[in-house]
Amino acid sequence: MSAVLSSPVTRAPWRQRLRARSALWLLLPMAAVLLATPWLPAFQVTLLNHVGLAAMSTLGLVLLTGVCGMTSFGQAAFLGLGAYTAAWLTAGSGVPAALAPLAGSPWLALPAALLLTLAIAGVLGLLTLRLSGHYLPLGTICWALALYYLFGTLEPLGGHTGITGLPALRIGGWTLDQPQEMAVPIWAALGLALVLAHHLLDSRTGRALRALNGGQAMAESMGVPVLQVKLTAFVLSALLACTSGWLYAMEQRFVSPAPFSLGAGIDVLFMALLGGVGHLWGALAGATLVTLARDFLQDWLPRLLGQGGNYEAIVFGLLIIVLMHKAPEGLWGRLRQHRASGAADGAAAGPVPSAPPLPRRAMPARGSLVLQVRGLTRRFGGLVANRDVDLEVRAGEILAVIGPNGAGKSTLFNQLSCVDRPTAGEVRFLGRSVVGWSPRRLAEAGLSRTFQHVKLLPGMSVLDNVALGAHLRGSAGLLRSALRLDRAEEARLLAEARRQLDRVGLGALAQQEAGSLALGQQRLLEIARALCADPSVLLLDEPAAGLRLQEKQALAELLNRLRGEGLAVVLVEHDMDFVMSLVDRVAVMVFGEKIVEGPPAEVQRHPKVLEAYLGAEL
Ligand code: ADP
Ligand code: MG
């Protein structure tokens, strides 16, 4: 199939080596800051510390908004949660007796703040994340305001004056009460967070997180528990903000509600957008830019324009508009364009190592009934897209569903794959009724599909896109991924993805961005992704559309081989030459009804077919 490939791009080995080690590169700025602080005046170190703190909560938004596609205005509220928990436990009034052992210790306040944030973000996430479109950001505004007013009005939190007199952070006998000293935990924590986030994105969980951004329905079909992954991203982002808030409280030694307002939440979002919301480095770039620019403007504008009026906010707003025009991908996105790199952030680098193959599912016996459709009807209001359809599919056969546009083929596929629920009738998969199942449960049971309108993650590498199909064959979660304890499993998942890519002839393009492929190649990518799930039934919606002749022949060869392995394949296709020479049976649909079914030669000659649909075409 290699003849099918067009212009495979090989990347310079040095670049691959660089990417493989890029987690350590993430630590360079942190090390530079820490080495510089002893020689800088205190006010500059304080400014740098604020950059570090802002970068940490911005990193949360880069993950949530940039990677997962969920916009939140509420990040500052979680900052406040971290800061206020620290302040209240170490210097506040009214700490109940039950919490007395925690009181006074900044170090114990950290896990307490994280636990509280986990609980509150968990509940808020469950309430908010089901909202779609504009309702999600609006929801985040609501609880950001609620938490902000809570900070300002709760008696034990000191109202609008806040809590003062927090004890300094101590490590052993070392008291961290100078900016130079606080720089150590702040920049170390940021470095750690960046490295863990980098690991996370370059993993099974990372692929699922990235799939939330524009690929939720597809991800669910690949077995990704979308709501759970969304909640994970949301809580993780909140925990980063909370840690930043705790460090902020330790650095300031007092807290008041003002820095945790809705406006502050918008600031964090600006930092993420300006820095480059799609890249981990964007968090640092955005935090640096906004913090330093604000400091500069606060210094210089009153000298230029006088003390009256809040010119800083106006100039800042203008600056943001200009930057959004000139660099909509953010500063980091802009820099990356110049580097002309084709791979997505966190994409697996280098050649895929050989790894033991993943275990395979037991296939149904050849010839046994795998899919059974009875009396399937799907109405959309007055329109009947499927009417009383009966269909049977057996292991080791290829069935084609053909019919003119609008005949109801894709609708039928959506019922078969539980993306949609039939109005009446039944679908049985391996003997069990699957009506009402989630696409994820069906994927777990062994049904895999491709989409008529290709659904892939264009910014992610081809290999990562395909590996998403093997999601259910791995188990590494958030912690294992972030701590890099998933490498053996990850190597097996990527090796499987690579094998399936080789199988469809796209092996040489594994490291390309998926969005850069031609449409035909994208369809092949989807087939490789579906095969990665090790299915017993494969549904292909117009797999040959957009393929060149050679690619079609190669695809027919592949489907032939899959049939030989005992797979059941159901495909919707318009290319009659392709269908007739390949498949075992053809079902013809017209206006939502199946009018004829049989071997290709018979169907071709059937008077009903000639009359109703195919006419002179055959
Ligand atoms: P095919 O795949 O055979 O071209 P479809 O299954 O996509 O046809 O569509 C069959 C009919 O159902 C069309 O008339 C289409 O407009 C309609 N249809 C499909 N999906 C929906 C939907 N979600 N809501 C309303 N009508 C729909
Ligand atoms: Mg269709």
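In each ligand, atom 1 is the first atom listed, and ligand 1 is the first ligand listed. When a residue number appears, it is its place in the shown sequence, counting from 1. Only heavy atoms go into these numbers, but all of them, side chains included; no hydrogens, no water, no symmetry mates.
Leu240 approaches Leu63 most closely through the heavy-atom pair CD1-CD1, 3.9 Å. Contact detail for Leu547 and Leu524: the closest heavy-atom pair is CD2-CD2, 4.1 Å. The two atoms that bring Asp388 and Gly375 nearest to each other are OD1-CA, 3.1 Å, heavy atoms only.
Aromatic rings of Trp143 and Phe78 (six-membered ring for Trp) have centroids within the 6.0 Å cut-off, being under it.
Take the Mg ion (ligand 2) and draw a sphere of radius 2.8 Å; the protein N/O/S atoms inside it number 2.
With respect to Arg394 and Asp584, no salt bridge is recorded, no charged nitrogen being found less than 4.0 Å from a carboxylate O. Of the charged side-chain nitrogens involved, none lies within less than 4.0 Å of a carboxylate oxygen, so that Arg480 and Asp486 do not count as a salt-bridged pair.
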Check your understanding: Going through the distances and angles, do Gln452 and Ser410 end up as a side-chain hydrogen bond (donor to acceptor under 3.5 Å, both in side chains)?
Key -> CA-CA 8 Å; Gln452 178 179 352; Ser410 291; 2.7 Å; yes
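Annotation: cation-pi pair Arg432/Phe429 absent, no NZ/CZ under 6.0 Å from the ring centroid and within 45° of its normal.
Distance alone, capped at 3.5 Å, places no donor-acceptor pair between the Asn386 side chain and the Arg379 backbone.
When heavy-atom distances to ligand 1 are checked against 4.0 Å, the residues falling inside are Phe380, Leu383, Ala385, Pro404, Asn405, Gly406, Ala407, Gly408, Lys409, Ser410, Thr411, ordered by chain and number.
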